[in-house]
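A short write-up of the structure that comes next.
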Amino acid sequence: MIKVTSVRFKKAGKIYYFDPDVLDPKEGQFVIVETARGLEYGEVIEDVKEVSDEEVVQPLKKVIRIASEEDTLQYEENLKKKNKALAICQEKIDKRNLEMKLIDVEYTFDKTKIIFYFAADGRVDFRELVKDLAGVFKMRIELRQIGVRDEAKMIGGIGTCGRGLCCHTWLPDFEPVSIKMAKVQNLSLNPTKISGICGRLMCCLKYENDVYTEMKKNMPDVGDRIRVGGQYATVIETNILKGTVRAKYTVKDGGEDKGAEDIFVVHKKEIEKIERRKDKVEEDIIGDDIKELLGD
């Protein structure tokens, strides 16, 4: 087991482990830590704890010190410089007519590097832009292209639920989301209803997927034949949350179904047998509009 301090550098950002060394930083305190890009100012998410060796990527970098008042002032000063840096960079982009959308800028704590985040449809040759910016800021310049999901995470906004975007307010990592999750939950495959403001599938489709998958066990699909009370019927609708299906009785004659009698509702526990449709074809992607949702 290894003692670690959990540190986060951005709101809803990833949590990283650091070696507390002889220090004992507490939850809510701010610390100066050594990272791959130099010294950084971060918030302690929880008290020092022990984790298994498998959870840590070695070598574990150390917590340099508990942040002082001077450190906090320097961090706040870096934040104040953002708007001016954005304006200067945007001016240079416009001057060179580059097809890129400037999203955000970030100074490293020790002011050795400034990072500009941008979005673009394709690759952008920004070599001359880097030279222009280096001449203005007199420090190392990094331009980092990000996708639409990361853009939404940085900028923030209001989702269709009326609340702040999960990725911007609390979700530290993006998890894989597929169109199959929407199908399992019987949601409409209309792209406008299952996509977020980033234009991709909503992250919240993942939240209840495991529950729906578990509840769907031993349930037939629409079009399947079931036997209830010794009679056969065809499923016309399913309700996963209630565990019920709507079906219509069918009469077997010469190997073909014909006629329909009484539509009824039955719980999955009352189904004696399920015969899956042999002609059923699973379609995880429907149309080009759905393909767009799965991009990035």
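Just the heavy atoms: all of them, side chains too, but no hydrogens, waters or symmetry mates, feed the values below. Positions are given from 1 along the sequence.
- Cluster annotation: L23 is connected to F18 through the hydrophobic network of ILVMFWY side chains, with a link wherever side-chain heavy atoms come within less than 4.5 Å.
- Of the inter-residue distances, the one linking F109 atom CZ with K111 atom NZ reads 9.0 Å to the nearest 0.5 angstrom.
- With no hydrogens or angles considered, a side-chain donor-acceptor pair links T192 and N190 at under 3.5 Å.
- The line from CD1 of I194 to OG1 of T160 is 11.0 Å long, rounded to the nearest 0.5 Å.
- By the 4.5 Å heavy-atom criterion applied to side chains, I236 and V222 are not counted as neighbours.
- Counting non-hydrogen atoms of neighbouring residues, nucleotides and ligands closer than 6.0 angstrom, the CG atom of D121 reaches no more than 12 such neighbours.
- Within 6.0 Å of the CG atom in N218, the count of heavy atoms belonging to other residues, nucleotides or ligands does not exceed 12.
- In this structure K11 satisfies the side-chain hydrogen bond (donor to acceptor under 3.5 Å, both in side chains) test with no other residue, sequence neighbours excluded.
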Between I263 and R246, is a side chain to side chain contact (heavy atoms under 4.5 Å, CB included) present by the stated rule, with each step listed? CA-CA 7 Å; I263 293 177; R246 291 181 70 235; 3.5 Å; yes
Side-chain donor-acceptor pairs under 3.5 Å in residues 135-145, sequence neighbours left out?
| residue | atom | partner | partner atom | Å |
| --- | --- | --- | --- | --- |
| K138 | NZ | G135 | O | 3.0 |
| E142 | OE1 | K113 | NZ | 3.1 |
| E142 | OE2 | R144 | NE | 3.0 |
| E142 | OE2 | R144 | NH2 | 2.5 |
| Q145 | NE2 | A120 | O | 3.2 |
| Q145 | NE2 | G122 | O | 3.1 |

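- Between P220 and I271 the shortest side-chain heavy-atom distance falls below 4.5 Å.
- Put simply, CD1 on I226 and CZ on R276 are 10.5 Å apart, with the number rounded to the nearest 0.5 Å.
- Y207 shares a hydrophobic cluster with W170, L171; the chain of contacts runs through ILVMFWY side chains whose heavy atoms sit under 4.5 Å apart.
- In terms of modelled atom types and a separation under 3.5 Å, the side chain of D71 and the main chain of S68 share a donor-acceptor contact.
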Give the C-alpha distance, both sets of side-chain angles, the deciding distance and a yes or no for side chain to side chain contact (heavy atoms under 4.5 Å, CB included) between V56 and V4. CA-CA 9 Å; V56 177; V4 298; 4.2 Å; yes
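- Between atom CD1 of residue I197 and atom CZ of residue R149 there is a gap of 12.0 Å, rounded to the nearest 0.5 Å.
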With a cut-off of 3.5 Å and sequence neighbours excluded, list every side-chain donor-acceptor pair involving residues 94-101.
| residue | atom | partner | partner atom | Å |
| --- | --- | --- | --- | --- |
| D94 | OD1 | Q90 | NE2 | 3.0 |
| R96 | NE | D132 | OD2 | 2.5 |
| R96 | NH2 | D132 | OD1 | 3.3 |
| R96 | NH2 | D132 | OD2 | 3.2 |
| K101 | NZ | E151 | OE2 | 2.6 |

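- No continuous path of ILVMFWY side-chain contacts below 4.5 Å connects F174 to M202, so the two sit in separate hydrophobic clusters.
- Residues L241 and M215 form a side-chain contact, since some pair of their non-hydrogen atoms from C-beta on lies under 4.5 Å apart.
- For the pair F116 and D104, the minimum side-chain heavy-atom distance is 4.5 Å or more.
- If you chain together ILVMFWY residues whose side-chain heavy atoms come under 4.5 Å of each other, V22 ends up in a group of its own.
- The shortest distance between side-chain heavy atoms of I103 and I155 falls below 4.5 Å.
- At least one side-chain heavy atom of V51 sits less than 4.5 Å from a side-chain heavy atom of Y17.
- Salt bridge D19/K3: absent, no basic N to carboxylate O contact under 4.0 Å.
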With side chain to side chain contact (heavy atoms under 4.5 Å, CB included) as the test, would you mind laying out the steps for L133 and C89 before giving the verdict? CA-CA 7 Å; L133 296 174; C89 185; 4.0 Å; yes
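- The cluster map of Ile, Leu, Val, Met, Phe, Trp and Tyr, joined by side-chain heavy atoms under 4.5 Å apart, puts I93 and I88 in the same cluster.
- Checking side-chain atoms of K273 against main-chain N and O of G230 turns up no donor-acceptor pair under 3.5 Å.
- Applying the 6.0 Å contact sphere to CD of E50 captures more than 12 heavy atoms from other residues, nucleotides or ligands.
- In summary, D24 and K26 engage in a salt bridge, as defined by a charged side-chain N under 4.0 Å from a carboxylate O.
- A donor-acceptor contact shorter than 3.5 Å is absent between the side chain of K14 and the backbone of P172.
- With sequence neighbours excluded, the residues that form a side-chain contact (heavy atoms from CB on, under 4.5 Å) with E54 are S52.
- Listed by chain and residue number, E77 satisfy the salt bridge (charged side-chain N to carboxylate O under 4.0 Å, His left out) test with K81 (two or more places apart in sequence, or in another chain).
- Counting only heavy atoms from C-beta outward, the side chains of E40 and I32 never approach each other to under 4.5 Å.
- One N or O on the side chain of E272 and one on the backbone of G229 form a donor-acceptor pair closer than 3.5 Å.
- Under the ring pair (Phe, Tyr, Trp, His ring centres under 6.0 Å) criterion, the residue pairs touching residues 57-93 are Y41-Y75, with sequence neighbours excluded.
- Results of the side chain to side chain contact (heavy atoms under 4.5 Å, CB included) test with F118 over L129, V105, V124 single out V124 as the only residue that passes.
- Partner of D221 under the salt bridge (charged side-chain N to carboxylate O under 4.0 Å, His left out) criterion, chosen from K183, R277, K216: K216.
- Ion pairing of K10 with E106 is present here, as a side-chain N (NZ or NE/NH1/NH2) and a carboxylate O approach within less than 4.0 Å.
- A distance-only check finds a donor-acceptor pair linking the side chain of D47 to the backbone of E27 [under 3.5 Å].
- Neither I45 nor V7 shares a network with the other; the hydrophobic side chains, linked directly or stepwise wherever heavy atoms of I, L, V, M, F, W or Y lie under 4.5 Å apart, form separate groups for each.
- When the side chains of ILVMFWY residues are joined at heavy-atom separations under 4.5 Å, either directly or via intervening members, L187 and M181 end up in a single hydrophobic cluster.
- How far NZ of K153 is from SG of C166: 10.0 Å, rounded to the nearest 0.5 Å.
- Contacts of I66 classified as side-chain contact (heavy atoms from CB on, under 4.5 Å), with partners at least two apart in sequence or in another chain: P25, Q29, V31.
- Every residue meeting the side-chain contact (heavy atoms from CB on, under 4.5 Å) condition with D110, not counting sequence neighbours, appears here in chain and number order: L39, T108, T112.
- Looking at residues two or more places apart in sequence or on another chain, you find no side-chain hydrogen bond (donor to acceptor under 3.5 Å, both in side chains) involving Q185.
- No side-chain donor from either of D210 and T213 sits under 3.5 Å from a side-chain acceptor of the other.
- When side chains are defined from C-beta on, V63 does not count as touching D21, because their heavy atoms never get closer than 4.5 Å.
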Assess the residue pair V245 and K268 against the criterion (side chain to side chain contact (heavy atoms under 4.5 Å, CB included)); give the C-alpha distance rounded to whole Å, side-chain angles, the decisive distance to 0.1 Å, and a yes or no. CA-CA 7 Å; V245 299; K268 64 180 180 181; 6.0 Å; no
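- Listed by chain and number, the residues in a salt bridge (charged side-chain N to carboxylate O under 4.0 Å, His left out) with K92 amount to none (sequence neighbours excluded).
- Of the possible donor and acceptor atoms, none in the side chain of H267 sits under 3.5 Å from a partner among the backbone N and O of T244.
- A distance of 9.0 Å separates CD1 in I158 from NE2 in H168, rounded to the nearest 0.5 Å.
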